[in-house]
**Q** 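This structure is in structure tokens; I'll ask about it shortly.
Every chain is numbered from 1, with letters handed out A, B, ... down the list of sequences.
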Amino acid sequence: MEFDFTPEQYTLRDEARRFLEAQCPPSHVREFIDDETGWSRDLWKRMADLGWMGLAFPEDLGGLGQSFGDVTLLLGELGRAVAPVPFLASLCAGQVVFRHGSVEQQRRWLPSVASGERIATIVIVTPDAAVVNASASGDGWVLKGETGPILDAPAADMFVVAAHDGEGARWFVAEEGVRVTPQLGFDRTRTIGRVAFDGAAAEPLSVGGLEPGSRVAVAAVCAEMVGVAQKILDTTVEYSKVREQFGRPIGSFQAIKHKCAEMLTELEASRSAAFYAGWSVDGDADDAALAVAVAKSYCSEALAHLAGEGVQIHGGIAFTWEHDMHLYLRRIKSDEALFGDAAFHRERIARLAGL
Amino acid sequence: MEFDFTPEQYTLRDEARRFLEAQCPPSHVREFIDDETGWSRDLWKRMADLGWMGLAFPEDLGGLGQSFGDVTLLLGELGRAVAPVPFLASLCAGQVVFRHGSVEQQRRWLPSVASGERIATIVIVTPDAAVVNASASGDGWVLKGETGPILDAPAADMFVVAAHDGEGARWFVAEEGVRVTPQLGFDRTRTIGRVAFDGAAAEPLSVGGLEPGSRVAVAAVCAEMVGVAQKILDTTVEYSKVREQFGRPIGSFQAIKHKCAEMLTELEASRSAAFYAGWSVDGDADDAALAVAVAKSYCSEALAHLAGEGVQIHGGIAFTWEHDMHLYLRRIKSDEALFGDAAFHRERIARLAGL
Amino acid sequence: MELAFTAEENAFREEVRAWIKENLPPDFKEPRSFEERLAFSRAWEKKLSASGWAGIAWPKEYGGRGATLMEQIIFHEEMARARAPQIFINFVGINLAGPTIRIHGTEEQRKRYLPPILSMEEIWCQGFSEPNAGSDLANVQTRADLRDDHFVVNGQKIWTSFAHVADWCLLLCRTDQSAAKHKGLSYLLVDMKSPGIDPRPLKQITGEAEFNEVFFTDCVVPRENLLGELGMGWTYANTTLSHERGPAFLAHQIRYRNTLLDLVSAAKTTLHDGVPATEHPAYRQKLAAAYAELEIMRYLGLRMVTSIMRNGRPGTEGSVSKLYWSHMVRRMQELGLGVTGASAMLDGEDAANHGSWQRGYMMSFAQTIAAGSSEIQKNIISERVLGMPRGEVWAPKERV
Amino acid sequence: MELAFTAEENAFREEVRAWIKENLPPDFKEPRSFEERLAFSRAWEKKLSASGWAGIAWPKEYGGRGATLMEQIIFHEEMARARAPQIFINFVGINLAGPTIRIHGTEEQRKRYLPPILSMEEIWCQGFSEPNAGSDLANVQTRADLRDDHFVVNGQKIWTSFAHVADWCLLLCRTDQSAAKHKGLSYLLVDMKSPGIDPRPLKQITGEAEFNEVFFTDCVVPRENLLGELGMGWTYANTTLSHERGPAFLAHQIRYRNTLLDLVSAAKTTLHDGVPATEHPAYRQKLAAAYAELEIMRYLGLRMVTSIMRNGRPGTEGSVSKLYWSHMVRRMQELGLGVTGASAMLDGEDAANHGSWQRGYMMSFAQTIAAGSSEIQKNIISERVLGMPRGEVWAPKERV
């Protein structure tokens, strides 16, 4: 039994952190925060050069054949950097195609997703429900309906859509004829928008239902949140060591110290839950449905609290636009609402546990 | 506008506190805590001599003609002393008779309740529901059913019962033929027990429905809780000033200070809510139903938290039976469950507020 | 206990209501951008001023209405109930600078500065916080060196509202470098048109710039613009701060009640798990708890008012009230974000109710940080109310 | 990441299961009174001992089973899953005194004391806490004065489990009055039958007496009963304390899972507002949250075990685990009281499930107070894990 990443995986994480510190410092992030549809194509290309988008796809599909676990560490680093790229959306969409698509479908779509050439997004609001309707039309299917907000829809050129086909919810892929209306995100570092289908052609993925695909998305967002929260805690602890009030670093006051200790507790519990959720979806464990609901419910509430405490400890300085703390806070609060909030996932737990 | 007690009322409170400190010190309370049916008849007599049981009943019914507000201060002091007497139960029962009984019924029962000669209790679990059934029998009514746990049932010789008369819930008074089974209370300072009616004769009070009578009971328990909580905070702050660890009083550590500040905040908010609830039932204010639900929901949760913090700050010493802290904790936790807990009263608020 | 109003108070209430009805546009909606708010408030507060409502708490001898505490409460309540805008651009003048000058200024200063505040001819800002003097306000480092008949001011202030539109600044600065931290401070009344003052808008967490940083470089201030006595700035500052929480507590409660009503209607129309949030297990109880907390804020306010009427100052309930309501507001705003579901991921016009939950949530941090952070409040409560021993030096003992 | 067990581990699990099936009475119910528990555990732990399960973590050379970490976990997990009793009367001997003597004792001491622990011929208690040495353990004042060939012990210990039935006591006491607080301490191995020892039952918050106060009056202890070296008590004590949290974390999780299952079944059968607690808005979400928190305790445990296997000690997850689970337990127990409704007003046999929620709630305070209160844990975490500056003296720096 070994419930932790390997030293090699941590090396990858450390490399990713160094890469992002150099290539995606806050100044880079801030180039895009006033632009509703802006995101960093430069960074995306560099990430593609490193093979990040293909990390968790098999080699024969153009990926690097690593586990989903490796990607969760990467997601954490991208969260830490609040990187302005559609990585999470495209990854989740690709993973849904990988888990629900036929071999032919995988071959058709995944190599370009794995190379970063094609940007996909996952069109879903909560992981259990279709958001639009699909109906048969001639040889194929068409989608109708409007939904949102959808993460990184403005950046996407391929849409993996949870649609109701008359019998149940399942995944469809649409490439053309999708109308996207960009929206102003609370998280300014990523794009978001409404998505409308007015008879757009779509193809159903061969494996029906929304799970296990939607679980991957939930696990992914938890992994990202943990990375953001780690950055918040690191920043807060560092600040508390240098910021002086009453002639002493504020980090020497017990009230601040105890808050930070509580934040670390929330973070380590969240990290454990996100690790487990990632592991469980990777191997499709028996308790995967429960594990992702546990992780998302806990991370949403605990890490939103942690983020609030980070702002509080910073005091006035974090209340400025110039300080980066609000970028992390906005990311955490957005992720809290993404793919179902704590209340939603607790209700899932209640049902799964037979309450 | 004046939303506070008068100096005279506070003088009464201070006298009550001095009286109870002398007549009902913890050593006196502890005489009864190992005895399921034991309570202090001595203290009761002395309280009767002071006219406490009649405080809030009109003079023509043998009372002192003061407001219910005066009694709430007294309830707080009795809570502070965790006095082993059936005051709250008998007061609530008497108030129900006062508010729902005909003049004749008031005259028949209240003078002996107001003098402390007769001890009454209120047979109800949550303030909105009948607990047993009443049916017509000959000229009168009989009660059938079993319910509990009922506060101070083992001490009572008169039962004011929320019963369903076939059309709705209303109050009945039963004196004979009531079977009481004493139970071990979590709060060891008062008696408690199951109450069974197997055709006991009972008389309906003339004003139907359970309100406003049941509201008085809810307001009364909140007033008591505030007194207990004040004692917990006082004791905790005092202890923190004298208990030394690491060569300093623990009350000089910011972590302890901040906890105490939070406790005071919870206490003052609870006190405000209990004051208002008491005021609102006194004059049957328009928002009385809401006010008591607000008070009971808030006091239950906030003061249970406060009590837990009191134990935590005391550390090991509060973990002993010999220390009085657990007596207060048990009283608070019992009161939390008495006449509906926080969840119950929040649901009431939701309905009253049209949620 | 008596919660009824007198006939006179009720008549006063009718007067306020009638005035609002006549003067507030019936379709009035709180402007959403800071600039719009500023423009609206200029006109609105002029109106208030012209009708004698600007300084209702000010004594009659200084041009105010000399309203009783109950009248002030009634006035603020009615304004809140009508969702009329709160005093904004003239807030510092009416509530902070004005009372401070009235209490500590010379007779000449009173005559010179008070009337134009009431008439809104002169707008004020206050220069208090500095980057290194947040919770530790006595650490003010902006220096004013006395040279014959004038001071030369150098330094930086932060969180200065209205600095870019203000005519005057109530400036807390260090006039004695050698005295103990809180003893070398003085108050200057600074003409914002003086050379050497550079106010720069400070973009806050919401993306709007409601505040400014203000840089002073060799700014000359005449000696007669010293407020009261030299070295008394710390004492006077406590006057200013004590006026920051006025008798407006109950009115704030009504404004938060408006927020809660908005929250409830959002909850009724937003589906979670297929049911309105009001029927969802998680949100139903939280909404009810928010409702209870808000009611209790009113009761706390009623106690505070009673204490002030009886003793001239709030009692224990007053010392905890800021801690209570600031965290109540944070919870309520966070609940607002939660209730709106996936819309929480949006902002501004794209989000539910024009982004008011996002803005309200972000702004709620101001409540627990500004005007004495929650941590400072807890220090004060534990030491001054509960009498717990000082263990860590966190503020000069002399702070009132 | 790999959560599967090896074939050997699975075989070991089968062995444990088979043994439990054979030895645990099928209708076994945890005894409710302390005295019953004591009686049962004497017999049960003798059985464990006879079958070689007593010291499974002890090295083979000292009579133990030398089980791997995974085997220990499996053993504890299976015991927990079967709701078999936890090690009780021999807990101090097996988990605290034994390892401390093995690591710090002389070869003679090892030979003399270890075998009777394993065989349960000798029961141990530990003399650690004192009325004035709670969180501040270095403040131990029980003194042992060395006179030629023996120590004379005077003082008082508190929270000493099993003192009235124990044969030996692992006693932390002050042997040097002049040295720094944590430097003058030593460990003595004290025969509880010596004259001058008076253990008195200490009734705890639940009304039961699981602990004792122990008074030492001129109690003579031979010099050879000094453990290891003089003045090393503080260092050795940290060994003892570090063994207090063993690899039993995952097993604890299973025991709390049993508690949660009891809670859920109580919730299903207790009506609130006319519906089972599982369907009531307030309780449904809280039950789900408790479920999530409990699952996360398992994940934390898995990480801890992995860290111990890799590095010999837990990582960051280990430093927060006590804070995490102790408060989790408090919430769960309090939820239990809430779920049982009006029955929360009762206790003992009259209450739901024989008063287990009342007892569990009261006992949960032990988790956040004993073995390093939550406040001490937060000090440790902030300074040692997060590297925050020491501001207040709260413990000797040397504490490991």
**Q** Please rank Gly207(C), Gly348(C), Ser364(C) by heavy-atom pairs under 4.5 Å with chain A and give me the top one.
**A**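 When all of Gly207(C), Gly348(C), Ser364(C) are compared, Gly207(C) has the most.
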
**Q** Is Tyr361(C) close to Lys333(A) at the side-chain level, that is, under 4.5 Å between some pair of heavy atoms?
**A**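 Yes - at least one pair of side-chain heavy atoms lies under 4.5 Å apart.
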
**Q** If I measure from the heavy atoms of chain A, does Ile158(C) come under 4.5 Å with its side chain, its backbone, both, or neither?
**A**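 Nothing of Ile158(C), per the 4.5 Å heavy-atom cut-off to chain A.
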
**Q** Tell me which of these, His323(A), Glu244(A), Arg330(A), has more heavy-atom pairs under 4.5 Å with chain C than the rest.
**A**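 The candidate making the most pairs under 4.5 Å is Arg330(A).
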
**Q** Could Asp350(C) and Arg194(A) be called an ion pair, given the rule that one side-chain N must be under 4.0 Å from one carboxylate O?
**A**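 Between Arg194(A) and Asp350(C) there is no salt bridge, as every charged N stays at least 4.0 Å from the carboxylate O atoms.
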
**Q** Under a 4.5 Å cutoff for heavy-atom pairs, which residue among Arg188(A), Arg346(A), Met325(A), Glu336(A) has the most contacts with chain C?
**A**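 Looking at each option in turn, the highest pair count goes to Arg188(A).
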
**Q** Compare every heavy atom of Ala337(A) with every heavy atom of Met345(C), then report the nearest pair and how far apart it is.
**A**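 Closest approach of Met345(C) to Ala337(A): CG-CB, 3.9 Å.
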
**Q** Working to the nearest 0.5 Å, report the span between CG of Leu202(C) and CZ of Phe319(A).
**A**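 The distance works out to 9.5 Å.
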
**Q** For chain A, find which of Glu334(C), His272(C), Glu349(C), Lys378(C) contributes the most heavy-atom pairs closer than 4.5 angstrom.
**A**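 Result: the option with the highest number of such pairs is Glu334(C).
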
**Q** Is it the side chain or the backbone of Asp34(A) that comes within 4.5 Å of chain C heavy atoms, both, or neither?
**A**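 Interface part for Asp34(A): side chain.
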
**Q** Side chains of His314(A) and Ile369(C): does their closest heavy-atom pair fall under 4.5 Å?
**A**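 In short, these two side chains do not touch, never coming nearer than 4.5 Å.
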
**Q** Answer with side chain, backbone, both or neither: which region of Ala370(C) has an atom nearer than 4.5 Å to a non-hydrogen atom of chain A?
**A**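 No part of Ala370(C) comes within 4.5 Å of chain A.
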
**Q** Going by atom types alone, do Gln312(A) and Thr368(C) pair a side-chain donor with an acceptor below 3.5 Å?
**A**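 Thr368(C) and Gln312(A) do have a side-chain donor-acceptor pair below 3.5 Å.
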
**Q** Taking Gly148(A), Gly247(A), Ala342(A), Gly316(A) one by one, which has the highest count of heavy-atom pairs under 4.5 Å against chain C?
**A**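 Most heavy-atom pairs under 4.5 Å with chain C: Gly316(A).
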
**Q** Which heavy atom of His280(C) sits nearest to which heavy atom of Ala343(A), and what is that distance?
**A**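 Shortest heavy-atom contact: CE1-CB, 3.8 Å.
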
**Q** Minimum heavy-atom separation for Pro281(C) to Glu347(A), with atom names?
**A**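 For Pro281(C) versus Glu347(A), the nearest heavy atoms are CG-OE1, 3.9 Å.
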
**Q** If you define the side chain from C-beta out and look only at heavy atoms, does anything of Trp321(A) sit under 4.5 Å from Ile205(C)?
**A**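 SC-SC contact between Trp321(A) and Ile205(C) ruled out.
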
**Q** Taking atom CG of Leu271(C) and atom OG1 of Thr126(A), what is their separation to the nearest 0.5 Å?
**A**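 Those atoms lie 11.0 Å apart.
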
**Q** For the residue pair Glu375(C) and Ile313(A), establish whether any side-chain heavy-atom pair is separated by less than 4.5 Å.
**A**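 Side-chain contact under 4.5 Å: no.
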
**Q** Is there side-chain contact between Leu184(A) and Leu346(C), with at least one heavy-atom pair below 4.5 Å?
**A**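 A side-chain contact under 4.5 Å is absent here.
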
**Q** Is the shortest side-chain heavy-atom distance between Arg243(A) and Asn132(C) below 4.5 Å?
**A**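 When only atoms from C-beta onward are counted, Asn132(C) and Arg243(A) do touch, with a gap below 4.5 Å.
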
**Q** Counting only non-hydrogen atoms closer than 4.5 Å, does Ser374(C) touch chain A with its backbone (N, CA, C, O), its side chain (CB onward), both, or neither?
**A**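 Contact with chain A involves both backbone and side-chain atoms of Ser374(C).
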
**Q** Pick one of side chain, backbone, both or neither for Val125(A), based on which atoms fall under 4.5 Å of a heavy atom in chain C.
**A**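 Side chain only.
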
**Q** Hey, does Asn139(C) have a side-chain heavy atom less than 4.5 Å from the side chain of Phe246(A)?
**A**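 Heavy-atom side-chain distance check fails, nothing below 4.5 Å.
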
**Q** Would you call Met362(C) and Phe186(A) a side-chain contact if the rule is heavy atoms closer than 4.5 Å?
**A**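 Touching, per the 4.5 Å side-chain cut-off.
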
**Q** Taking the side chain from Gln204(C) and the backbone from Thr320(A), do they hold a donor-acceptor pair closer than 3.5 Å?
**A**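 The answer is no, because no donor-acceptor pair under 3.5 Å joins these two groups.
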
**Q** Pick one of side chain, backbone, both or neither for Leu329(A), based on which atoms fall under 4.5 Å of a heavy atom in chain C.
**A**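 Only the side chain of Leu329(A) comes within 4.5 Å of chain C.
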
**Q** List the steps and the verdict of side chain to side chain contact (heavy atoms under 4.5 Å, CB included) for His326(A) and Thr206(C).
**A** CA-CA 9 Å; His326(A) 75 95; Thr206(C) 57; over 6 Å; no

**Q** Name the region of Ala318(A), side chain, backbone, both or neither, that has any atom closer than 4.5 Å to a heavy atom of chain C.
**A**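 Backbone only.
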
